[in-house]
Amino acid sequence: MKRLAILTSGGDCSGMNAVIRAAARTAIANDVEMIGYRKGFAGLLKNDYLELTSRAVSGVLQRGGTFLQSARSQEFRTAEGRRTALDNLLREKVDGLIVIGGDGSLNGARALDLLGFPVIGIPASIDNDIPYTDMALGVDTALNNIIYAVDCIKDTASSHDRAFIVEVMGRNSGYLASTSAIATGAEFAIVPEVEFDLTEMCHQLRRRYEEGRTNALIIMAEGAGHAQEVADSIKDCAGFETRVTVLGHYQRGGAPTVFDRLLGSRFGLKAVELLLSGTKGVMLGLSTTTLTTTLLEMVVKGGQKKLNNELVHMAGILGI
Ligand code: F6P
């Protein structure tokens, strides 16, 4: 192999730059050229790329987001788009491609794999909903962002006898909500995977208020509904005044944590080593502390990763 390529696709997350840097430097160490497509599959379709020299990837490790930029490409979803992508790769004499992203991006990686092109997928999504990996890239940083914000909110909540409903991201997954609820000592976590009893929550909030507790915290996953609707339906029964904070895209940015810098670096290095050794059509993953590979075919068939019951159980017990 003489020339490899990398791209970041779908929603960005912290740690993507660490993968790009590690992959480029591992390629260079093996006398292989690395190029980076801008804006994911959209850049691949336009043949828009830059050479990733060692210098080009210096100073990016500590930066959130992705300096290659990212996008969700509709054109790449079509058979014609995928054919164009393959043609571009072959014309540029690219021997293998690393795709960093969430479920949609890994589906894209699988599409190229089906066309016979050597590809390695790297799971990156704050939602942590990708199967066959304990952790996706960016999750740890997002969780740290969330707990920082929620700790701040708790300070102001307790100064005013207020209940806050904090809506966090996660698409259809309750991972961010349940994990951050445990880590911030929230009273309730509302997640799409578990049916929620609003009346019971109201009773418990009322009891808490009457005991003279100064605040209450509810973390709600965006996939479980709208925080404002929950606030409206509890405002007359909870005792506490209610307020809503939607954390939004704040969660996705910021300097990656040590965990995401290390995981990204490990993923980047390993992805290049796998391609150079002839492995293709797999997604890297993390199982406890060990890197794993799973066929992309299995990953895309795996659907959304199930929420760990232990998290739900803990959030329920420790809350009240
Ligand atoms: O998949 C990552 C994610 O941040 C989800 O948690 C969220 O629902 C979605 O992306 C937001 O997408 P966009 O950045 O396109 O608004």
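Both ligands and their constituent atoms are indexed starting at 1 by order of listing. Hydrogens, waters and symmetry mates play no part in the numbers below; they use all other heavy atoms, side chains included.
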Taking the six-membered ring for Trp, are Phe76 and Phe41 parallel (under 30°), tilted (30 to 60°) or perpendicular (over 60°)? parallel
To which protein heavy atom is atom 11 (C) of ligand 1 closest, and what is the distance rounded to 0.1 Å? Arg252 NH1, 3.6 Å
Write out the residue and atom name of the closest protein heavy atom to atom 5 (C) of ligand 1, then the distance separating them to 0.1 Å. Asp127 OD1, 3.4 Å
What are the atoms of ligand 1, with element, lying closer than 4.0 Å to any heavy atom of Glu222? 5 (C), 6 (O), 7 (C), 8 (O)
How close does the nearest protein non-hydrogen atom get to atom 9 (C) of ligand 1, and which residue and atom is it? Arg171 NH2, 3.6 Å
Hey, does Ile126 come in under 3.5 Å of ligand 1, counting only N/O atoms on both sides? no
Can you tell me if NE2 on His160 sees more than 12 non-hydrogen neighbours from other groups inside 6.0 Å? yes
Donor-acceptor pair between Ser14 and Asp260 side chains, under 3.5 angstrom: no
May I ask whether Gly102 has any heavy atom positioned less than 4.0 angstrom from an atom of ligand 1? no
Across all chains, not counting sequence neighbours, the disulfide (SG to SG under 2.5 Å) partners of Cys237 are Cys202
Considering only residues two or more places apart or on different chains, which pairs with a residue in residues 55-73 satisfy side chain to side chain donor-acceptor pair (under 3.5 Å)? Thr8-Thr66
Against Ile130, only a single residue in Gln304, Lys305, Met283 fulfils side chain to side chain contact (heavy atoms under 4.5 Å, CB included); can you say which? Met283
Looking only at protein heavy atoms, which one is nearest to atom 16 (O) of ligand 1, and what is the separation? His249 NE2, 3.2 Å
Taking only heavy atoms of Arg72 into account, list the atoms of ligand 1 that are under 4.0 Å away from them. 10 (O), 12 (O), 13 (P), 14 (O), 15 (O)
